[in-house]
There are 2 protein chains.
Amino acid sequence: MSTTTGQRPMRADARRNYERLLAEAKVSFREHGADASLEEIARRAGVGIGTLYRHFPTRLALQEAVYRDEMDQLAAKAYELAETAPPEEGLAAWILTISEYACRKRGLTQTLKAVIDLHSETFIRCHEDIERAAGTVLTRAQEAGTARPDLRPRDVLRLAHALSVASERAPEDTELLLSFIMDGLRPRP
Amino acid sequence: MSTTTGQRPMRADARRNYERLLAEAKVSFREHGADASLEEIARRAGVGIGTLYRHFPTRLALQEAVYRDEMDQLAAKAYELAETAPPEEGLAAWILTISEYACRKRGLTQTLKAVIDLHSETFIRCHEDIERAAGTVLTRAQEAGTARPDLRPRDVLRLAHALSVASERAPEDTELLLSFIMDGLRPRP
DNA sequence: TGCCAACCGGAGGCTACCTCCGTATTGTTG
DNA sequence: CAACAATACGGAGGTAGCCTCCGGTTGGCA
């Protein structure tokens, strides 16, 4: 636990507030995501905003503390099961615990996903446009006999994406990689 | 283009401001990510904040417009190449264009990644803790002869993760899935 | 030129961020 | 148990961003 500075133990009131803040932060982050209002967390913990900032100088510090606490809980559950449950049952129970935790975490992002999905027609439209554009360049190369006839526009896009990933760390090799790709696109003689 | 309402064409000043906003938004989002200040975008475009909100009622609307514009540019490049460059060269050039765009986009997130990496010791520590915890439950099951001896703690964690993914849409099947997993963990007779 | 619909700008009310310092609480020592 | 550091608290206050609303301005058309 990081409720001690590594030196003297925290004063009683300090420790109490630290724990309240952590508990409220956990709830708020769950409800509103990583952008939850720090002032509201302090408010709900019945604590001044200054106190929050003293214990957690940074939003990231608070997020880390919450994360760390959740991990501690999962670990504690394992040790508890190892002592109280029959071996196989214990293992199964713990796997279930972890799985549920992961589900809950993933659920969080779905609020954001819903917003994006709502507007996804834009993305669909854009994708269609780009495929059409890819089609014109590709068709022309195919008609000139320099590209395999079975290539589809989406293949071109995927290759471009692959190239961007491959050449990210070594931009000086981009040209070489591109030449490999272009070789691969040519019809077999 | 969405610079028309689908009805009458925009007034000259409206169109001018729309385009300035779009240009500045592109720069700001590139520099500061999706959380860039809308007021600063308006300021840099030399336009009142009200004007920004009239054209783009929502942060998402502005982001979508920027995205759409970038896609239009990529598509335009394809049509241009199809008319001016030899077929094969045109195809290669376009693949390169797309690849570079994807690289630039990916570079954006690295600012955020740097922050996270900086604090990644926390995550490493947590991961170690959890593996240790997994170890205790697993070892016990192995000693009791109900789990294969070649299982490692990380395998347990991965299975738990897989279970969470698999059971997300059908929580009622979780128990059944778990029983499959547990069967798989048992030593071969 | 004159008119009106379309458009502009930014003040204003709100919330959140983060800092700073006077005040209050704790626990330790005589 | 009293008194005093050391420690911790709280929230005012200055800044900035969000978004709305409306009096004033401008462009385009007759």
Side-chain angles (χ1 to χ4, degrees), chain A residues 1-66 111-112 115 119, chain B residues 1-66 111-112 115 119:
Chain A
M1 305 283 173
S2 6
T3 47
T4 69
T5 60
Q7 319 277 21
R8 312 233 149 279
M10 290 173 95
R11 239 172 62 172
D13 52 348
R15 172 171 213 97
R16 183 165 37 82
N17 286 335
Y18 180 97
E19 249 132 43
R20 282 185 186 167
L21 282 168
L22 203 58
E24 287 309 325
K26 212 180 290 184
V27 175
S28 280
F29 285 143
R30 179 151 47 233
E31 285 176 1
H32 305 112
D35 293 329
S37 158
L38 299 185
E39 292 202 314
E40 195 189 320
I41 291 173
R43 230 177 290 135
R44 301 216 283 189
V47 144
I49 183 66
T51 300
L52 186 150
Y53 275 98
R54 200 171 323 102
H55 286 301
F56 309 100
T58 284
R59 165 172 243 108
L60 196 59
L62 183 54
Q63 288 169 343
E64 278 189 18
V66 167
T111 314
L112 304 181
V115 176
H119 291 256
Chain B
M1 308 285 172
S2 2
T3 45
T4 67
T5 60
Q7 318 277 21
R8 312 234 149 278
M10 292 173 95
R11 235 172 65 172
D13 50 350
R15 173 170 213 98
R16 183 165 38 81
N17 287 337
Y18 180 96
E19 249 132 42
R20 282 184 186 170
L21 282 168
L22 203 58
E24 287 308 326
K26 212 180 289 185
V27 174
S28 281
F29 286 144
R30 179 153 46 232
E31 286 176 0
H32 305 111
D35 292 330
S37 158
L38 300 185
E39 293 203 314
E40 195 189 318
I41 290 173
R43 231 176 290 135
R44 301 216 284 189
V47 147
I49 183 67
T51 301
L52 186 149
Y53 276 97
R54 199 170 326 102
H55 287 301
F56 309 100
T58 282
R59 164 173 243 106
L60 196 59
L62 182 52
Q63 288 169 344
E64 277 189 18
V66 167
T111 314
L112 304 180
V115 176
H119 292 257

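Reminder, nothing fancy here: chain letters follow the sequence lines and each chain counts from 1. Below, all heavy atoms of this structure are taken into account, side chains as well, without hydrogens, waters or symmetry copies.
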Any A:S37 side-chain N or O less than 4.0 Å from OP1/OP2 of C:dT15: no
Students often get this wrong, so: under 4.0 angstrom with heavy atoms, is A:R59 touching a base, only sugar-phosphate, or nothing? sugar-phosphate
Separation of D:dG17 atom C1' from B:H32 atom NE2, nearest Å, is 14 Å
Close N or O pairs between protein and nucleotides 24-26 of chain C (under 3.5 Å):
from, atom 1, to, atom 2, distance (Å)
C:dT25, O2, A:R11, NH1, 3.0
C:dT25, O2, A:R11, NH2, 3.0
C:dT26, O4', A:R11, NE, 3.4

Compare side-chain N and O positions of B:T51 against OP1 and OP2 of C:dG9 and report whether any pair is under 4.0 Å apart. yes
Using whole Å, what does the distance between atom C1' of nucleotide C:dA16 and atom CD1 of A:I49 come to? 9 Å
Would A:R30 and A:E24 pass as an ion pair if we require N to O under 4.0 Å? no
Give the rounded distance in Å between these two atoms: CZ of B:R20 and P of C:dC8. 11 Å
Using the side chain to side chain contact (heavy atoms under 4.5 Å, CB included) definition, which of the options A:L62, A:L38, A:V66 pairs with A:F56? A:L62
So A:T51 and A:Y18, side-chain contact (heavy atoms from CB on, under 4.5 Å) or not? Walk me through it. CA-CA 9 Å; A:T51 300; A:Y18 180 97; over 6 Å; no
Going through the checks in order, is the side-chain contact (heavy atoms from CB on, under 4.5 Å) test met by A:H55 and A:M10? CA-CA 11 Å; A:H55 286 301; A:M10 290 173 95; 3.4 Å; yes
Distance, rounded to the nearest Å, where B:Y53 contributes OH and D:dC21 contributes P: 13 Å
Integer-rounded Å distance: C:dG9 C1' and B:E39 CD: 12 Å
B:L38 has its side chain closest, among D:dC18, C:dC8, D:dG17, to D:dC18
State whether A:N17 places a side-chain N or O below 4.0 Å from either non-bridging phosphate oxygen (OP1 or OP2) of D:dC9. yes
Between A:R54 and D:dT7, does any side-chain N or O lie under 4.0 Å from OP1 or OP2? no
Rounded to whole Å, CG of B:L21 lies from P of C:dC8 at a distance of 9 Å
Atom CG of A:L52 to atom P of C:dT19: distance rounded to whole Å? 12 Å
Just so I know, are the side chains of B:T58 and B:Y53 near enough to count as touching, which here means a heavy-atom distance under 4.5 Å? no
Evaluate the criterion side-chain contact (heavy atoms from CB on, under 4.5 Å) for residue pair B:L52 and B:N17; output intermediate values, then yes/no. CA-CA 8 Å; B:L52 186 149; B:N17 287 337; over 6 Å; no
B:F56 CZ - C:dC8 P separation (whole Å): 11 Å
With a 4.0 Å cutoff (strictly under), does any side-chain N or O of B:H55 reach OP1 or OP2 of C:dC7? no
So, are A:E31 and A:R44 salt-bridged, with charged N and O less than 4.0 Å apart? yes
Between B:D35 and B:G50, which residue's closest nucleotide on DNA chain D lies nearer the 5′ terminus? B:D35
